[in-house]
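Take a look at the structure below.
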2 protein chains.
Amino acid sequence: MTLKGSRRVTPKQRVTINAVAERAGVSISTISRVLNGRDRVSPETRARVLAAIRELGYRPSALARGLASKRTQTLGFVIPTLTDPFFMGIVAGVERAAAQSGYSLLVSCEPYAAKGRSYARLFHERRVDGLILVGIRLTRADIEEFQDHHFPVVLIQQTVGGLLPSVTADNYGGAKALVEHLISHGYRRFAYIAGSDYTPDNAERFRAMRETLAAHGLDLPDSCVASGDYTHEGGRRAMTELMERGCNPRAVFAANDQMAGGAILAIKERGLQVPDDIAVVGFDDVALARFTSPPLTTVRQPTYEMGYQAARMVLHAIEFPDERMPLSVVLPTELVRRESCGCKPDSR
Amino acid sequence: MTLKGSRRVTPKQRVTINAVAERAGVSISTISRVLNGRDRVSPETRARVLAAIRELGYRPSALARGLASKRTQTLGFVIPTLTDPFFMGIVAGVERAAAQSGYSLLVSCEPYAAKGRSYARLFHERRVDGLILVGIRLTRADIEEFQDHHFPVVLIQQTVGGLLPSVTADNYGGAKALVEHLISHGYRRFAYIAGSDYTPDNAERFRAMRETLAAHGLDLPDSCVASGDYTHEGGRRAMTELMERGCNPRAVFAANDQMAGGAILAIKERGLQVPDDIAVVGFDDVALARFTSPPLTTVRQPTYEMGYQAARMVLHAIEFPDERMPLSVVLPTELVRRESCGCKPDSR
DNA sequence: GTGAAAGCGCTAACAG
DNA sequence: CTGTTAGCGCTTTCAC
């Protein structure tokens with residue numbers, strides 16, 4: 001009653017459903033009904049309620065709603081790092097899809113190797129309605145927990161033996177196309193700069209490279225495989241190591257663009273030319289790829305789409321709990337020819 | 001009682017505080033006490049409770065806690081875009097600070113010009129404990145609302161006349177240093193490629209440029225100011241426009257690195273050299289800045305620190321509601337000399 | 001079509 | 001130190 005007749009838009013006292021009910025002269029159930037649009041309400045009552053809501057500037061508490069309804073309209077999103085440009089697109093895609101459906105996004109950062117199970121917190125404590133996980137190591141128990149609860153989860157950039165739905169890019173196909181392109185340039189001696197071992201995409205790319213080379217009767221000696229860590233500096237170190245080790249490749253494939261950029265630098269520091277002495281290619285097609293000198297030949301990953309798709313999938317699973325989700329979606333990758341592979345500028 | 005004696009770690013039925021109380025043979029208040037560590041509890045009781053919690057795999061519901069305690073342990077974070085590398089660092093810093101304090105992060109994307117007031121949703125409906133806003137246009141009413149509620153908000157990269165706390169980088173100082181450096185190269189004819197008008201940092205950089213030039217008796221004709229939109233393509237178009245317009249600058253300052261990259265491209269397309277014919281500098285020092293050819297001279301912004309600091313400030317304000325927050329924190333920027341300004345590679 | 005009442009799972013006085 | 005009792009602000013049967 002203290003609020004009756006007031007028209008403040010910015011009340012000091014939080015406006016609750018009770019205030020609205022009082023103002024509209026109905027019960028709180030009716031307010032809830034027009035809010036959720038489930039049962040039907042007579043047009044006049046609805047109008048009165050809507051008016052009261054507007055006049056009081058009422059905003060339902062998501063907490064109370066969640067507690068009562070057991071649905072939080074919130075998605076949980078766990079990602080290894082927020083500083084890598086590759087992940088930016090994924091985040092953007094997930095955010096977009098969530099926002100479009102009126103869902104909020106709880107973002108948590110958990111490094112690859114961490115066994116923090118931070119997703120568990122989102123799942124158990126924050127009661128998110130669904131989860132999007134990238135770069136998380138899941139135990140069998142984790143997986144079973146999701147399955148038992150029939151809980152919507154989608155993995156990005158990794159799979160767990162078909163036990164959980166996932167969205168990945170065609171790493172194998174992309175790497176294969178890349179290596180074949182290199183081979184078509186006539187190169188015969190190759191080297192690979194690996195990313196961290198934790199990541200399944202690194203493994204896929206490496207496998208694609210070995211197999212593609214083998215299919216062409218080419219070899220990849222152990223001395224021509226170096227370990228980076230997906231950073232520019234790591235790529236530079238790895239390339240230097242490769243050259244000091246006497247690998248002497250004609251073309252090197254770095255598991256991502258940053259490392260490829262570092263490799264180019266290391267090669268130039270040795271007084272050699274890219275691509276004339278050594279060709280370099282990367283993976284991901286992040287922003288910097290077009291700015292390296294020479295511009296980097298690489299494989300584009302549809303990061304935004306991956307995030308968007310994954311989020312759409314969990315959103316769909318939330319809305320239709322009984323439908324089975326597609327178990328794995330593989331998005332196409334695309335070879336982006338620039339000049340670091342030996343292509344001419346014009347040929348693009 | 002149904003749970004008594006069970007030792008399941010992954011219960012089908014959600015484990016509530018009641019189950020734990022029953023199991024431990026105490027009341028729920030005691031559970032709450034050991035959970036929150038506020039009142040003291042006898043060591044034995046505590047041990048029993050902890051054991052019960054572990055055995056049942058109990059996880060308190062953040063929803064219920066939030067509803068009862070009026071604190072959600074959640075920060076709201078609104079940012080114009082997630083696809084710009086410049087913002088990546090900010091996001092990472094905010095996430096880190098939040099996670100360190102055990103806070104969850106609700107992320108929302110709202111483009112510069114949008115009057116969506118998406119922060120309002122976080123504030124009113126999700127009941128976040130604090131807000132970090134970047135690139136949001138606030139009305140006077142918005143500001144007063146925060147002040148009336150004594151609500152912790154920190155702005156990043158913008159200020160509202162000292163009415164709300166903010167964290168910004170020293171855009172003016174950075175731009176000034178940059179322009180002075182250009183002048184020290186002996187350049188006399190300048191051009192500016194602006195970012196979007198919405199952003200205050202663009203304005204600051206522009207003002208710094210004008211004033212610094214003026215202080216040196218130099219002029220910046222209107223014909224030598226073009227509008228970009230912070231994208232690579234925008235910078236390229238703006239630079240082309242500048243040249244067609246007959247501006248003929250000796251050095252151009254683009255409001256961010258992406259545009260500078262685009263400008264370099266446009267200049268080369270005209271058959272001119274950077275920096276010999278036209279020097280180009282950018283702002284931000286994002287990843288690609290070191291990969292352009294020539295490498296870009298720019299101003300580093302401490303994006304991660306900005307995000308981290310801002311989050312720390314709201315966290316502090318949440319914990320100590322009575323202290324006054326520092327009204328504005330300005331973080332230093334740093335001139336990064338590479339080669340696009342005309343410096344020699346060695347001089348770094 | 002609408003209201004009453006019982007929770008949702010916790011915290012926070014207030015008693016002992 | 002611990003238990004009892006109200007709520008927190010909604011949704012959801014179940015009546016009417």
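Labels below follow one simple rule: chain letters A, B, ... track the order of the sequence lines, proteins then strands, and each chain is numbered from 1. Note that these values count all heavy atoms, side chains included, but never hydrogens, waters or copies made by symmetry. What you see is a predicted model, and the numbers here were worked out from it, not measured in a lab.
- Both B/A64 and B/V26 lie close to DNA chain D; mapped to their nearest nucleotides by heavy-atom distance, the more 5′-ward contact belongs to B/V26.
- What separates CZ of B/R65 from C1' of D/dG9 is a distance of 19 Å, to the nearest Å.
- For B/F77 and B/Y119, the gap between ring centers reaches or exceeds 6.0 Å.
- Atom CZ of B/R33 and atom CZ of B/R46 lie 11.5 Å apart (nearest 0.5 Å).
- As judged by a 4.0 angstrom heavy-atom cut-off over every strand, A/S32 is placed among the base-contacting residues.
- One can place NZ of A/K70 at 19 Å from P of D/dG9, the figure rounded to the nearest angstrom.
- We find that CG of A/D39 is positioned 12 Å from P of D/dT11, with the value rounded to whole Å.
- Checked by distance alone, B/R59 brings no side-chain donor or acceptor within 3.5 Å of a matching partner on the base of C/dG9.
- Distances shown here put a side-chain N or O of A/S42 below 4.0 Å from the OP1 or OP2 atom of C/dT2.
- The distance between atom CZ of B/R38 and atom P of D/dC1, rounded to the nearest whole Å, is 17 Å.
- Distance CD1 (A/I28) to C1' (D/dG9): 8 Å, rounded to an integer number of Å.
- Atom pair A/R33:CZ and C/dA4:P shows a separation of 11 Å (rounding to whole Å applied).
- For C/dT2, the base has no donor-acceptor partner in the side chain of A/T45 [N/O atoms by modelled type, under 3.5 angstrom].
- Between A/F320 and A/H316, the angle of the ring planes lies from 30° to 60°, which puts this pair in the tilted group.
- Between D/dT2, D/dG9, C/dG1, one nucleotide has an atom nearer to the side chain of B/L67 than all others, and that is D/dG9.
- By the 6.0 Å and 45° rule, A/R126 does not stack over the aromatic ring of B/Y103.
- At the heavy-atom level, B/S29 lies under 4.0 Å from base atoms of the strands shown.
- Phosphate contact (OP1/OP2 of D/dG3, side-chain N/O of B/T30, threshold under 4.0 Å): present.
- Of the listed nucleotides (D/dC10, C/dG9, D/dT4), D/dT4 has the atom at the smallest distance from the side chain of B/S27.
- Of all nucleotides listed (C/dC10, D/dT11, D/dC10), C/dC10 comes nearest to the side chain of B/A68.
- Using a 30° and 60° split on the angle between ring planes, B/F151 and B/F146 fall in the parallel class, below 30°.
- Atom-to-atom, CG of B/N36 to P of C/dA13 comes out at 13 Å; the value is rounded to the nearest Å.
- Rounded to a whole Å, the CD1 atom of B/I31 is 12 Å from the C1' atom of D/dG3.
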